[in-house]
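All ligand and atom numbering here is 1-based and tracks the order in the structure.
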Amino acid sequence: MVRTVKTTPYPDQKPGTSGLRKRVKIFQQPRYLENYLQSVFDAVEEKAGATLVIGGDGRYFQDHATRIALRMAAANGFGRVIVGQNGLLSTPAASHLIRCNGALGGVIFSASHNPGGPEGDFGVKYNIANGGPAPEQVTDQIFDNSKGISRFRICAQDIPDLDRVGTFDLAGMQVQVVDPVADYADLMQSLFDFDAIRSLFDGGFTMCFDAMHAVTGPYAHRIFEQMLGAAPGSVVNGVPLPDFGGGHPDPNLVHARTLYDVMMGADAPDFGAASDGDGDRNLIIGRGMFVTPADSLAMLAANAHLAPGYAHGIAGVARSMPTSAAADRVAASLGVPCFETPTGWKFFGNLLDAGTVTICGEESAGTGSNHVREKDGLWAVLLWLNILAVRRQSVAEIAREHWKIHGRNYYTRHDYEEVDSTVAHDFYIQLRDRLGGLAGASVGGKTIGWADEFSYDDPVDGSCSTGQGLRIGFSDGGRLVVRLSGTGSVGATVRLYMEHFEPREGKLDADTQQVLAPLIAIAEELTGLRAATGRQEPDVIT
Ligand code: G1P
Ligand code: ZN
């Protein structure tokens, strides 16, 4: 039986960089989740009889949310829902299921790398039929709907446990509970040389993969240990937990510090990697060598042809604006285009759909390709393993050879978190208003070549996205970028990105923060960020 329930709008349901992300407590308000889901369903057409994918990273509140979403999907006329066993689906696996089942879209419950548990964050993302995040026209429509919502539809039936693979009927809608790993593992096997990787492990190659008690645990156990023969125990923290074991499932040098320390130690394995809450981010560390995500993107693009799925080469590369220009250099040497897009994976979708690019990435530990329409943590790890299996060199050797050929883009990001929103917005606007007068000025011994606020004209659909961050370019190729995060749930996060290009052979092995120290000082002189926020230093340095 379908019920139509009266409701009133919440004013704060504007999707950010990656869906609606809020504290669990906000989502627990009466009808908050239902309002948002109905606003999503009202924004998509041709639902009658269509297929929807539902899954998430297993965080606290997801079990409840999955049941509500199933009951609302049935009441909104969907014909079939594909849902991961126990509700689990990594974001890239959900993207793949949408694509390979011809689904209309998918609802993914995740707040990505944000902490979980009752005091943590929850999130809802909607992906469209190409498997990628809803573009801005759709997210704007969802927000509009949420502001005027007066009712939602839900069916009354209870949902059985989703712990067994199989099919059941829900008010005339078919619910298919699937193994979250199977189809995704098949896809990986079609892209990478599993035999070569298996023989690498057979030869004694060692690896440590930190699943951070998040969604990739079951995927990593199955693919690395069972299918590829990595030694049992190669996957650590492999059981997904609703609060991620109390950790912060963000694979960076702060939150994956234990892995980093292992990889820098005397008995380090050959290869270390980690992924985030929903499995779309990656961290790559060789023995004694951390590879920045922006460098990893460039190195993967340069070596992708070594994997069977990319043996014919890549059509082009895309990177988000704050990501370093290391990938641009690889694209130039391969003779393929490189696109600079605003932050967020949704901007890559059109380029991938049009076949203009094959590999995409962001400095925030996201890398992926045209195999799905999301970034994909395990894909990046597997491509690295495939490259290592073919080249039979260490990660450090591959990185050093890469810098020798292309030069090195020293790169860092400094985050100032939970800044008062008004302070952060005023800071941004004041800096933006000064950019016009900066070109030609000299600061800290460097000359400013250009400065602007980034906007993006999508070459595929002609849409224009403005206000996408402030850029200051120096005449020596260095660059400073300032943006406000679109994924935070409390206050504002100011991100400061700094990049210095070094082509000289003797200078390729230096410490990143030291190389960038002059630029870090210039950033403060130019922007006054620490002064404006009253902070002495950033909360997170990556
Ligand atoms: C952050 C990252 C961005 C990424 C997004 C979702 O967004 O910077 O690259 O796409 O998370 O994972 P931000 O908080 O900067 O808006
Ligand atoms: Zn994520």
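In summary, no N, O or S atom of Asp57 is located under 2.8 Å from the Zn ion (ligand 2). Counting backbone and side-chain atoms alike, Thr91 contributes no N/O/S atom closer than 2.8 Å to the Zn ion (ligand 2).
Looking at Asp276, its N, O or S atom nearest to the Zn ion (ligand 2) turns out to be OD2. Its N, O or S atom nearest to the Zn ion (ligand 2) is what matters here, and for Asp280 that atom is OD1. Shortest distance from the Zn ion (ligand 2) to Asp278 is reached at OD1 (N/O/S atoms only).
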TODO: Please test Lys14 against Asp12 for salt bridge (Lys or Arg N to Asp or Glu O under 4.0 Å), starting from the C-alpha separation and ending with a verdict.
DONE: CA-CA 6 Å; Lys14 184 175 168 56; Asp12 62 345; over 6 Å; no

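Less than 4.0 angstrom separates some heavy atom of Lys375 from each of these atoms of ligand 1: 4 (C), 6 (C), 10 (O), 12 (O). Close approach of ligand 1 to Gly486 (heavy-atom distance below 4.0 Å) involves ligand atoms 13 (P), 14 (O), 16 (O). When each atom of ligand 1 is checked for a heavy atom of Thr343 under 4.0 Å away, the hits are 3 (C), 8 (O), 9 (O).
Salt bridge present: Asp278 and Lys125 bring a charged side-chain N and a carboxylate O closer than 4.0 Å. Ion pairing of Arg483 with Glu453 is absent here, as no side-chain N (NZ or NE/NH1/NH2) approaches a carboxylate O to less than 4.0 Å. Salt bridge status for Lys25 with Asp121: absent, with no side-chain N to carboxylate O gap under 4.0 Å.
For Asp276 (side chain) and Arg281 (main-chain N/O), a donor-acceptor pair under 3.5 Å exists by modelled atom type. For Ser90 (side chain) and Ala93 (main-chain N/O), a donor-acceptor pair under 3.5 Å exists by modelled atom type. A distance-only check finds a donor-acceptor pair linking the side chain of Glu499 to the backbone of Ala325 [under 3.5 Å]. Between the side chain of Ser146 and the main chain of Phe143, a donor-acceptor pair closer than 3.5 Å is present.
Looking at Ser364 against ligand 1, only its side chain comes within 4.0 Å, counting heavy atoms. Only side-chain heavy atoms of Arg413 come within less than 4.0 Å of ligand 1; its backbone N, CA, C and O stay farther off.
Taking any N or O of Ser112, backbone or side chain, none lies under 3.5 Å from an N or O belonging to ligand 1. For ligand 1, none of its N or O atoms has an N or O atom of His113 under 3.5 Å away. Considering both main-chain and side-chain atoms, Ser18 never comes within under 3.5 Å of ligand 1 through any nitrogen or oxygen pair.
Side-chain atoms of Arg99 and His371, non-hydrogen and from C-beta on, never get closer than 4.5 Å to each other.
Trp379 and Phe192 have tilted rings, their planes meeting at an angle from 30° to 60° on a 0 to 90° scale.
Which of Arg281, Lys125, Arg21 comes nearest to atom 1 (C) of ligand 1 through a heavy atom is settled by distance: it is Arg281.
For Gly344, the heavy-atom gap to ligand 1 drops under 4.0 angstrom.
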